[in-house]
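Let me begin by presenting the structure, written as structure tokens, before commenting on it.
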Number of protein chains: 2
Amino acid sequence: MLINELSKKTGISTHTIRFYEKSGLIEGKQDESVKSNNYYHYDDVTVEKLEFISDAKSVGFTIKEIGQMIDAWYNRKYTKKQKLEILDDKLSSLEQKMKEIREMKKQILQFKEDVVKDRC
Amino acid sequence: MLINELSKKTGISTHTIRFYEKSGLIEGKQDESVKSNNYYHYDDVTVEKLEFISDAKSVGFTIKEIGQMIDAWYNRKYTKKQKLEILDDKLSSLEQKMKEIREMKKQILQFKEDVVKDRC
DNA sequence: ATCAACTATAGACTATACTCTAATGTTGTT
DNA sequence: AACAACATTAGAGTATAGTCTATAGTTGAT
């Protein structure tokens with residue numbers, strides 16, 4: 001599929017898709033047999049990757065971190081051991097985030113109590 | 001206390017503290033009786049606020065959102081009802097973040113399984 | 001053949017959240 | 001008095017993550 005279809009399938013603008021491509025998160029390929037244009041073609045794995053990127057971004061991972069995870073999954077550039085290390089690292093960062101959120105929740109509940117009891 | 005002490009107590013640089021002050025998150029006050037300088041003085045509530053800001057930032061709240069929460073707690077600019085609305089809104093955004101993190105965790109665990117089983 | 005809708009590339013612009021520099025003045029210790 | 005260490009203000013610079021504009025070429029339907 002071309003970039004427009006990819007954009008429609010994922011809800012991510014073509015601009016942003018190109019930005020992700022420049023950032024090394026995804027990669028389209030050109031059809032060598034077609035000489036009249038240099039359009040990039042994207043496959044279903046790219047759709048999968050973009051969906052992952054959206055999800056990973058909303059939990060607060062940076063482009064760089066997302067790139068690492070994508071490489072740990074879809075690429076051959078790491079050994080099995082390295083891949084597992086990267087993924088475990090991200091898992092523990094998720095645990096950390098969870099812990100921080102639970103504490104923030106407590107803090108806000110305390111604020112609420114103070115508001116209700118006119119302590120502020 | 002002056003800005004340097006505040007910085008040391010909170011681990012936040014004086015530059016960043018001034019940035020937060022300009023952003024309306026905290027507020028020092030000048031001593032009218034002293035005419036030779038215009039130094040700002042900060043109290044323990046400001047220390048409390050800065051600690052809250054650090055925590056809130058690390059769970060992904062923006063300066064604007066943090067400002068709302070601080071106003072909902074330390075300010076008189078909202079009614080009790082409005083304050084509770086703001087705080088409830090932030091609580092549900094935390095629930096949302098929690099949900100997203102749990103899903104991301106599942107996804108990464110799946111990646112790990114695929115790596116272990118040589119499916120990628 | 002024409003025209004809307006698409007594509008690529010380069011580069012400018014924006015928002016958020018800092019982070020640093022420069023200029024200038026103040027305070028406290030020796 | 002001198003000097004380090006502090007204070008203020010204004011404004012410039014940085015990183016991240018987009019977002020938009022301009023230019024130019026391509027495709028597909030009528």
Side-chain angles (χ1 to χ4, degrees), chain A residues 1-43 46 49-70 90 93 97 100, chain B residues 1-43 46 49-70 90 93 97 100:
Chain A
M1 80 195 79
L2 298 179
I3 197 162
N4 201 32
E5 195 182 340
L6 183 59
S7 171
K8 270 163 193 159
K9 265 194 187 162
T10 59
I12 298 171
S13 78
T14 58
H15 283 301
T16 301
I17 291 172
R18 290 212 169 95
F19 169 73
Y20 290 153
E21 185 150 18
K22 256 189 248 165
S23 306
L25 300 188
I26 59 158
E27 209 179 339
K29 46 178 176 292
Q30 291 173 323
D31 189 340
E32 298 295 328
S33 66
V34 176
K35 261 131 193 171
S36 60
N37 69 42
N38 49 351
Y39 291 3
Y40 286 91
H41 295 262
Y42 303 92
D43 55 15
T46 307
K49 283 183 186 175
L50 285 175
E51 276 157 3
F52 175 71
I53 292 168
S54 290
D55 293 348
K57 271 185 39 56
S58 71
V59 307
F61 283 121
T62 63
I63 296 285
K64 202 175 162 184
E65 289 174 313
I66 295 169
Q68 281 191 309
M69 288 190 274
I70 286 179
K90 300 314 173 206
S93 118
K97 282 177 208 283
E100 286 164 352
Chain B
M1 78 195 81
L2 297 179
I3 196 162
N4 202 33
E5 195 182 338
L6 183 59
S7 170
K8 270 165 193 157
K9 265 193 187 160
T10 59
I12 298 171
S13 78
T14 58
H15 283 303
T16 301
I17 290 171
R18 291 213 169 92
F19 169 73
Y20 289 155
E21 186 151 16
K22 255 189 250 165
S23 307
L25 299 188
I26 58 159
E27 209 180 339
K29 45 178 175 293
Q30 290 172 323
D31 189 341
E32 297 295 327
S33 66
V34 176
K35 260 130 194 174
S36 60
N37 70 41
N38 49 351
Y39 291 4
Y40 286 89
H41 295 263
Y42 303 91
D43 55 15
T46 308
K49 284 182 187 176
L50 285 175
E51 277 158 2
F52 175 71
I53 292 168
S54 290
D55 293 348
K57 269 185 42 54
S58 72
V59 307
F61 283 121
T62 64
I63 296 286
K64 202 173 162 185
E65 289 174 312
I66 295 170
Q68 281 192 310
M69 287 190 274
I70 287 179
K90 301 313 173 208
S93 119
K97 282 176 207 285
E100 286 164 352

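Proteins get letters first, then strands, A, B, ... in listed order; numbering begins at 1 in each.
Between A:Arg18 and C:dT9, a side-chain N or O to OP1/OP2 separation shorter than 4.0 Å is absent. B:Tyr40 has a side-chain polar atom (N or O) that falls below the 4.0 Å cut-off from OP1 or OP2 of D:dT9. For C:dA8, neither phosphate oxygen OP1 nor OP2 lies less than 4.0 angstrom from any side-chain nitrogen or oxygen of A:Asn37. In this model, the phosphate group of C:dG25 is not approached by any side-chain N or O of B:Ser36 to a distance below 4.0 Å at OP1 or OP2. The shortest distance between the side-chain N/O atoms of A:Asn38 and the OP1/OP2 oxygens of C:dA8 is not below 4.0 Å.
With D:dC6, D:dG25, D:dT19 as the choices, the nucleotide that has an atom nearest any side-chain atom of A:Thr16 turns out to be D:dT19. Nearest nucleotide to the A:His15 side chain, out of C:dA8, C:dC6, D:dT21: D:dT21. For A:Lys57, the listed nucleotide lying nearest its side chain is D:dG18; candidates were D:dT27, D:dG18, D:dA7.
For residues 60-68 of chain A, proximity to DNA chain C is found at no residue, defined as any non-hydrogen atom under 4.0 angstrom from a strand atom. Shown for residues 19-31 of chain B: residues whose heavy atoms fall under 4.0 angstrom of DNA chain C, namely B:Phe19, B:Tyr20.
One finds the CD atom of B:Glu27 at 9.0 Å from the OG1 atom of B:Thr46 (value rounded to the nearest 0.5 Å). Taking CG from A:Asp55 and CD1 from A:Ile66, the interatomic distance works out to 9.5 Å, rounded to the nearest 0.5 Å. Annotation: the span from A:Thr10 atom OG1 to A:Ile53 atom CD1 amounts to 9.0 Å, rounded to 0.5 Å. Between the CD1 atom of B:Ile70 and the CG atom of B:Leu25 there is a distance of 5.0 Å, given to the nearest 0.5 Å. With rounding to the nearest 0.5 Å, the separation of NE2 in A:His41 from CG in A:Leu6 is 12.5 Å. Distance OG1/B:Thr14 to CG/B:Leu2: 12.0 Å, rounded to 0.5 Å.
Going from atom CG of A:Leu6 over to atom P of C:dA8 covers 11 Å, rounded to whole Å. Regarding A:Leu50, its CG atom lies at a distance of 16 Å from the P atom of D:dA17, rounded to whole Å. Between B:Ile12 atom CD1 and C:dT19 atom P the separation is 11 Å, expressed in whole Å. In this structure, B:Ile17 places its CD1 atom 17 Å from C1' of D:dT9, rounding to the nearest Å. In this structure, the CG atom of B:Asn4 is 14 Å from the C1' atom of C:dT26, given to the nearest Å. A straight line from NE2 of B:His41 to P of D:dC6 spans 16 Å, rounded to a whole angstrom.
Figure legend: cation-pi geometry between A:Lys97 and A:Phe61, with NZ or CZ positioned under 6.0 Å from the six-membered ring centre and within 45° of its axis.
Each of A:Lys49, A:Lys9, A:Glu21, A:Glu5 was evaluated against A:Tyr42; a single residue qualifies, A:Glu21, per the side chain to side chain donor-acceptor pair (under 3.5 Å) test.
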Run B:Ser7 and B:Asn4 through side-chain hydrogen bond (donor to acceptor under 3.5 Å, both in side chains) and show every step you take. CA-CA 5 Å; B:Ser7 170; B:Asn4 202 33; 5.1 Å; no

